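Numbers here simply count residues along the sequence, with the first being 1. Keep in mind the model is a prediction, meaning the values are calculated, not measured. Atoms within each ligand, like the ligands themselves, are counted from 1 in listed order.
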Amino acid sequence: MKKLSVNNKNIDKILVLDFGSQYTQLIARRVRESDVYSEILPWDIDETKIKDLDPKGIILSGGPNSVTKSFTPRIPQIVFELSIPVLGICYGMQTLAEQMGGHVVSVDQKEFGHSELEIHNDSRLFHGIDKKLNVWMSHGDQVQDLPDGFKLLASTKTAPIAAMQHENLPYYAIQFHPEVTHTNHGEDILNNFILNICAANTDWRMDDLIASRIDEIKNQVQGNKVLLGLSGGVDSSVTAALLNKAIGKKLTCVFVDNGLLRKGEADQVMQTFKENMNLNVIKSDSKEIFLRHLKNIEDPEQKRKVIGRTFIDVFDAEAIKLKDIKFLAQGTIYPDVIESSGSESKEARVIKSHHNVGGLPEEMELDLVEPLRDLFKDEVRRMGIELGIPKEMIDRHPFPGPGLGVRIIGEITKEKTKILQEADHIFIEELINADLYDSVSQAFAVLLPVKSVGVVGDERRYAEVIALRAVETVDFMTAKWAHLPYEFLENVSNRIVNEIEDVSRVVFDISSKPPATIEWE
Ligand code: XMP
């Protein structure tokens with residue numbers, strides 16, 4: 001399958017050269033928040049790719065290595081040959097210093113957290129910024145001697161050379177992290193670099209972007225038919241809405257109802273996309289096939305595999321029924337591309353595995369359309385709102401591909417699914433009523449594989465146990481359990497036990513990730 005390379009040729013670009021920092025994506029997002037397009041490439045990328053990108057400026061990210069060791073990452077030669085502004089951040093500063101003849105040392109005490117920066121010399125980088133400001137540091141190495149031709153700009157108590165600039169060339173470097181919100185005026189410092197020093201145009205705008213993406217899609221598909229697996233999640237929904245604007249009825253979406261969706265979810269997706277937005281959507285009612293394949297399966301990994309495989313079978317069967325399809329659209333977004341670009345199998349990233357649309361027969365020979373593959377999640381959300389997708393759908397908590405299948409511990413049955421759907425519905429409804437939904441990152445109910453005794457009136461009830469899970473997280477890699485108010489939990493628990501006859505007890509999960517995961521399976 002060929003993929004659509006997004007065409008940002010005519011706009012100004014800032015390249016973020018990645019040395020492995022946890023903040024690399026954040027730097028690129030910050031640049032885009034200033035309406036300038038940015039792209040991330042690994043430091044060891046083929047040099048012609050850097051040249052072809054034709055950036056207006058380059059930001060060198062931080063990274064976990066030490067330039068004091070041999071064989072650690074270095075700035076490729078092409079960066080120095082392009083005659084464009086360069087900003088080194090943290091490791092980026094250290095390797096710039098080292099490569100230009102300075103001296104970097106490892107210090108005994110690592111500096112992590114807030115530090116006061118004192119600016120000694122004027123620089124375009126610090127234009128309009130107070131002489132003293134609070135910055136965020138995270139480093140073990142630091143520049144000890146300035147490289148040839150550089151002057152000192154600023155220092156902190158522990159880092160005498162915390163910012164430097166070349167006397168004649170447009171090279172700047174800072175030891176602290178302007179991309180994190182803990183650095184005061186971090187945004188102004190980045191803007192000074194991007195907008196003043198690089199003089200990049202602010203032409204990364206959402207309305208222009210939608211119009212240009214529509215043109216690109218039309219050009220790519222040339223009136224042919226396109227297929228899309230619509231999950232109801234943000235990425236596939238925005239892809240569907242965009243393609244609908246571009247090619248209308250030439251797009252066919254397949255929405256697989258696997259019976260493991262939230263209560264009312266299938267109807268909601270069909271209502272939003274088919275009835276309100278007039279999209280061409282086929283619903284594949286596959287509840288029974290999934291249940292059949294999942295019979296007697298208890299192991300979590302096994303369940304995921306069976307759900308994934310069944311999804312592919314169902315999707316393929318629907319796709320084959322459609323005639324003359326030439327393209328497959330996918331909601332791949334930029335973090336998916338970046339995360340997999342370092343992997344050995346570059347092709348593996350072509351299919352977004354948890355979308356489970358990987359099994360289409362080779363003879364269909366579909367080309368890929370991926371109009372969101374250079375966008376961050378917040379940009380995708382903004383685009384979705386502009387395209388008229390209801391805000392409630394855009395701001396929904398994430399929902400795993402295997403759905404309620406990984407929230408029913410043990411074997412999945414129709415009855416258990418119904419109980420969980422009801423409990424989940426009550427929990428989410430109450431979160432919305434109490435104005436707490438947006439304050440947690442993800443919340444859901446889990447059906448446990450044990451029964452417990454309860455009393456209702458005079459009657460003893462031996463019934464199911466529901467666990468409630470709510471977490472706060474930025475990136476879903478780590479998470480804290482959400483401290484929901486006791487009165488709120490009491491209310492949810494009462495409603496669940498009173499309204500669902502088959503539930504006798506409700507418990508609240510107080511585990512953080514790590515060591516627990518967000519989902520239970
Ligand atoms: P864990 O449980 O790994 O979850 O802490 C992190 C985030 O990923 C979601 N998740 C999945 N999403 N397919 C998906 O599309 C999956 O198989 C899957 N498993 C977990 C989970 O809901 C949480 O947001």
Side-chain angles (χ1 to χ4, degrees), residues 22 25 228-239 255-262 265 269 290 293-294 297-312 314-315 330-340 348-359 372 376-378 380-381 393-409 412 420-421 423-424 427-428 431 437-448 467-482 509-521:
Q22 55 176 329
Q25 286 196 30
L228 170 77
L230 182 67
S231 70
V234 176
D235 306 343
S236 71
S237 298
V238 176
T239 308
F255 172 67
V256 177
D257 182 358
N258 60 8
L260 300 167
L261 304 172
R262 296 186 187 109
E265 170 108 8
V269 170
F290 277 86
H293 288 190
L294 286 163
I297 295 179
E298 294 185 359
D299 178 70
E301 272 315 298
Q302 189 71 12
K303 269 193 211 170
R304 274 174 200 272
K305 283 202 183 107
V306 170
I307 295 171
R309 241 184 280 131
T310 309
F311 189 98
I312 292 170
V314 168
F315 188 83
Q330 287 205 129
T332 312
I333 68 170
Y334 200 36
D336 305 324
V337 177
I338 304 164
E339 273 153 31
S340 46
R349 76 182 192 212
V350 171
I351 302 296
K352 195 176 179 185
S353 63
H354 59 259
H355 272 200
N356 296 328
V357 195
L372 310 181
F376 285 112
K377 195 84 172 184
D378 40 340
V380 172
R381 289 206 172 96
M393 287 210 78
I394 295 288
D395 289 339
R396 280 190 322 177
H397 294 169
F399 188 64
L404 301 184
V406 288
R407 296 177 181 171
I408 294 168
I409 314 302
I412 296 165
L420 183 58
Q421 280 174 333
D424 190 69
F427 188 24
I428 299 298
L431 280 168
Y437 184 83
D438 291 330
S439 68
V440 297
S441 314
Q442 195 172 8
F444 52 89
V446 180
L447 183 70
L448 303 190
L468 302 178
R469 179 89 165 125
V471 295
E472 287 169 12
T473 170
V474 177
D475 55 11
F476 295 87
M477 307 292 279
T478 61
K480 280 171 28 180
W481 60 276
D509 181 350
I510 54 165
S511 330
S512 288
K513 173 183 179 177
T517 49
I518 295 174
E519 301 289 345
W520 275 48
E521 284 196 333

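Here the side chains of Glu519 and Pro400 are in contact, with some heavy-atom distance below 4.5 Å. Residues Asp395 and Tyr437 are not in side-chain contact: their nearest non-hydrogen atoms beyond the backbone lie 4.5 Å or more apart.
Note: no N/O pair closer than 3.5 Å links Phe399 and ligand 1 by distance alone.
Interface atoms of ligand 1 facing Arg304, defined by a heavy-atom separation under 4.0 Å, are 16 (C), 17 (O), 18 (C), 19 (N). Interface of Lys513 with ligand 1, defined as ligand atoms under 4.0 Å from a residue heavy atom, comprises 1 (P), 3 (O), 5 (O), 6 (C). Of all atoms in ligand 1, numbered sequentially from 1 with element shown, those under 4.0 Å from a heavy atom of Phe476 are 6 (C), 24 (O).
Side-chain polar atoms of Ser236 and Ser231 form a donor-acceptor pair below 3.5 angstrom.
Selection from Ile518, Thr473, Val471 by nearest heavy atom to atom 1 (P) of ligand 1 gives Ile518. Residue Pro400 holds the heavy atom nearest to atom 11 (C) of ligand 1 of all those in Gly308, Pro400, Ser231.
Proximity of Pro402 to ligand 1, defined as any heavy-atom pair under 4.0 Å, is confined to the side chain (atoms from C-beta onward).
Residues passing the side chain to side chain contact (heavy atoms under 4.5 Å, CB included) test with Pro300, sequence neighbours excluded: Glu521. Considering only residues two or more places apart in sequence or on other chains, Ser439 meets the side chain to side chain contact (heavy atoms under 4.5 Å, CB included) condition with Leu436.
In this structure, Glu265 pairs ionically with Arg396, as a charged nitrogen and a carboxylate oxygen lie closer than 4.0 Å.
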